[in-house]
Amino acid sequence: MGHTATEQAGSGGLTATEHRLANGLRVVLSEDHLTPVAAVCLWYDVGSRHEVKGRTGLAHLFEHLMFQGSAQVKGNGHFELVQGAGGSLNGTTSFERTNYFETMPAHELELALWLEADRMGSLLVALDDESLENQRDVVKNERRQRYDNVPYGTAFEKLTAMSYPEGHPYHHTPIGSMADLDAASLEDARAFFRTYYAPNNAVLSIVGDIDPEQTLAWVEKYFGSIPSHDGKQPPRDGGLPDTIGDQIRTVVEEDVPSRALMAAYRLPHDGSREADAADLALTILGGGESSRLYNRLVRRDRSAVAAGFGLLRLAGAPSLGWLDVKASGGVEVPAIEAAVDEELARFAEEGPTPEEMERAQAQLEREWLDRLATVSGRADELCRFAVLFGDPQLALTAVQRVLEISPLEVQTIAKARLRPDNRAVLVYEPTAQTDAAGTEEEEAAK
């Protein structure tokens, strides 16, 4: 099944066609003959929100297992074959999906499709205790290196748990806990694969210097015989009230370089006009060195060395507005927090200036166009809109939707959501050892 590529209004001339195999695999193609490369992107509709208590981290663990070999490709062969052909590849896991992607010289597209089909259809043939233990250790080391043993490394995990209540599907992050990673059995892994790594639970996008007819023939040849699976349960409901209703607060004393104020605000679901308005509000307030918070905290008050405010877009649960301020030496967090609240209240009362709206919309427009201009970025966005919102064509008109947002919509969402009673707050205080070390360094500098 398929339909003809038609240029969408506001798409900048980009087109995409959609197709579906008999086994349920959705395929999206977008021709781009500017450079002789092709991107393959495969999104599986599974992330940490699909996990159950006691088995967190399975989605991320499986992202690693998918690079451990399949029926026709042994060990590290996936990496070796792609890189040997001049391509690049990787995979990532989030709350809402797991994705795998390759960017290849156009004449090597068939190889990438064969590799993805082989592991979708036959990973269980190669999955054994040895490969599971190998990748379990890799993921545990990744957790140590990126979360447990770096300054502020567990902030995301802590704020997520504070923002979404116990039992909520987004309460835990994709990395999972050490205890749950240790508890995962080979049968757990096999059941997870059978449930979620099926063609009818995936979207395959192919973008670049392609011949659509030949590409579809390859997709049918390699993916068409993989059976579908109907055992997947829908993710648990992630809905919550628009606001938290109170300020949740945690103080963390750790060996960190400086005091920090971090906060998460509950914001509208991704895919909505309100989410785009929130994105513009956060861009004006904390998106770069021209933002209000940077100008106030870093340039004017000199109370912080860094200040940012960004949007973590989520489709199955309220999105999060992510505030991150690192204090200057000797500055207390309450002074920074008071300044932040003053700026947010002023913005809610006055709204953005015309210059701020123009700059923020231009910034988001540039970011979107940068994504869509690369074959890999466009392939990823086509998959995202297909999996999360049911329509890959929405990726091609996202820029236009941002440009249609009015200043009043930006002010309205800021006034309704960027309030002290709608946030989880994490305050970092350096331990005595850190303070002492800092004092010794300052004395030595003198």
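We number each residue from 1, following the sequence as shown. Side chains are part of it too, since the values below use all heavy atoms of this structure and drop only hydrogens, waters and symmetry mates.
The existence of a salt bridge linking Glu274 and Arg417 is excluded, since no basic side-chain nitrogen approaches an acidic carboxylate oxygen closer than 4.0 Å. Between Arg346 and Glu349 no salt bridge is recorded (no basic side-chain N to carboxylate O distance below 4.0 Å). Ionic pairing of Arg378 and Asp32 is present here: one or more N-O contacts between side-chain nitrogen and carboxylate oxygen are shorter than 4.0 angstrom. Salt bridge absent: Asp242 and Arg266 never bring a charged side-chain N and a carboxylate O closer than 4.0 Å. Ion pairing of Arg313 with Asp276 is present here, as a side-chain N (NZ or NE/NH1/NH2) and a carboxylate O approach within less than 4.0 Å. Checked for salt-bridge contact, Arg143 and Glu157 meet the test: a charged N lies under 4.0 Å from a carboxylate O. With respect to the salt-bridge test (charged N to carboxylate O, under 4.0 angstrom), the residues Glu337 and Arg249 qualify.
For Glu358, the CD atom counts as loosely surrounded, since its 6.0 Å shell holds 12 or fewer non-hydrogen atoms of other residues, nucleotides or ligands.
The backbone N or O of Gly208 sits nowhere less than 3.5 Å from a side-chain atom of His33 that would complete a donor-acceptor pair. For the pair His269 (side chain) and Ala315 (backbone), a donor-acceptor distance under 3.5 Å is present. A donor-acceptor pair under 3.5 Å is absent between the side-chain atoms of Arg273 and the main chain of Glu409, judged by distance alone. Side chain of Gln361 to backbone of Val402: a donor-acceptor contact under 3.5 angstrom is found. Between the Glu51 side chain and the Ala59 main chain, a donor and an acceptor come within less than 3.5 Å of each other. For the pair Ser163 (side chain) and Leu159 (backbone), a donor-acceptor distance under 3.5 Å is present. Formation of a donor-acceptor pair under 3.5 Å by the Asn200 side chain with backbone atoms of His229 is found in this model. No side-chain donor-acceptor contact under 3.5 Å links Asp45 to the backbone of Val387. A side-chain donor-acceptor contact under 3.5 Å links Asp211 to the backbone of Glu213. Under a 3.5 Å cut-off, the side chain of Arg296 and the backbone N or O of Val340 do not form any donor-acceptor pair.
The minimum heavy-atom distance between Phe95 and Thr173, with the atom names listed, is CE2-CA, 4.1 Å. Smallest separation of non-hydrogen atoms from Thr243 and Ala416: CG2-O, 3.8 Å.
Residues Gln400 and Thr397 bring no donor and acceptor atom of their side chains to less than 3.5 Å of each other. No hydrogens or angles considered: a donor-acceptor pair under 3.5 Å links the side chains of Arg423 and Tyr265. One side chain, Glu63 or Thr93, offers a donor N or O that lies under 3.5 Å from an acceptor on the other. No side-chain N or O of Glu116 forms a donor-acceptor pair with one of Tyr222 less than 3.5 Å apart. Neither side chain, Ser328 nor Arg259, offers a donor N or O lying under 3.5 Å from an acceptor on the other. When only modelled atom types and interatomic distance are considered, Ser48 and His50 share no side-chain donor-acceptor pair under 3.5 Å. A donor atom on one side chain and an acceptor atom on the other are not found under 3.5 Å apart for Ser319 and Asp270. Asn23 and Ser228 are not linked by any side-chain donor-acceptor pair at a separation below 3.5 angstrom, with hydrogens and angles left out of the test. Side-chain atoms of Glu102 and His78 form a donor-acceptor pair, as typed in the model, at a separation below 3.5 Å. Under the 3.5 Å distance criterion, with hydrogens and angles disregarded, no donor-acceptor pair is assigned to the side chains of Asn295 and Arg292. In this model, a donor atom of one side chain and an acceptor atom of the other lie less than 3.5 Å apart for Tyr170 and Glu96.
With rounding to the nearest 0.5 Å, the separation of CZ in Arg97 from CG in Asp380 is 6.5 Å. Here CG of Leu293 is found 6.5 Å from CG of Leu323. Values are rounded to the nearest 0.5 Å. Taken from CD in Glu350 to CD in Gln411, the straight-line distance is 9.0 Å, to the nearest 0.5 Å. Between Leu58 atom CG and Asp180 atom CG the span is 8.5 Å, to the nearest 0.5 Å. Note that the CG atom of Leu113 and the OG1 atom of Thr215 stand 7.0 Å from one another [nearest 0.5 Å]. Rounded to the nearest 0.5 Å, atoms CG (Leu418) and CG (Asn422) are 8.0 Å apart.
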### Full working for side chain to side chain contact (heavy atoms under 4.5 Å, CB included) between Thr17 and Val28
CA-CA 6 Å; Thr17 59; Val28 184; over 6 Å; no

### Task
Take Gln135 and Met66, measure what side chain to side chain contact (heavy atoms under 4.5 Å, CB included) needs, and give me the verdict at the end.
CA-CA 10 Å; Gln135 290 308 304; Met66 285 284 276; over 6 Å; no

### Working for salt bridge (Lys or Arg N to Asp or Glu O under 4.0 Å), residues Glu142 and Arg146
CA-CA 6 Å; Glu142 181 180 339; Arg146 294 175 56 188; 2.6 Å; yes

#### Entry: Working for salt bridge (Lys or Arg N to Asp or Glu O under 4.0 Å), residues Arg401 and Glu404
CA-CA 5 Å; Arg401 290 194 296 276; Glu404 290 171 354; over 6 Å; no

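Arg26 places a side-chain heavy atom less than 4.5 Å from the side chain of Pro392. With contacts defined as side-chain heavy-atom distances shorter than 4.5 Å, the pair Gln72/Trp114 qualifies. Between Thr160 and His171, every side-chain heavy-atom pair lies at or beyond the 4.5 Å cut-off.
Side-chain rings of Tyr44 and Tyr196 stay apart, their centers remaining 6.0 Å or farther from each other. Residues Phe62 and Tyr197 bring their aromatic ring centres within 6.0 Å.
Phe156 and Trp322 have tilted rings, their planes meeting at an angle from 30° to 60° on a 0 to 90° scale. Taking the six-membered ring for Trp and thresholds of 30 and 60 degrees, Phe385 and Phe389 have ring planes inclined between 30 and 60 degrees apart. The aromatic rings of Tyr100 and Phe67 sit tilted relative to each other, their planes meeting at an angle between 30° and 60°.
A cation-pi arrangement, defined by a distance under 6.0 Å to the six-membered ring centre and an angle within 45 degrees of its axis, is absent between Lys158 and Tyr152.
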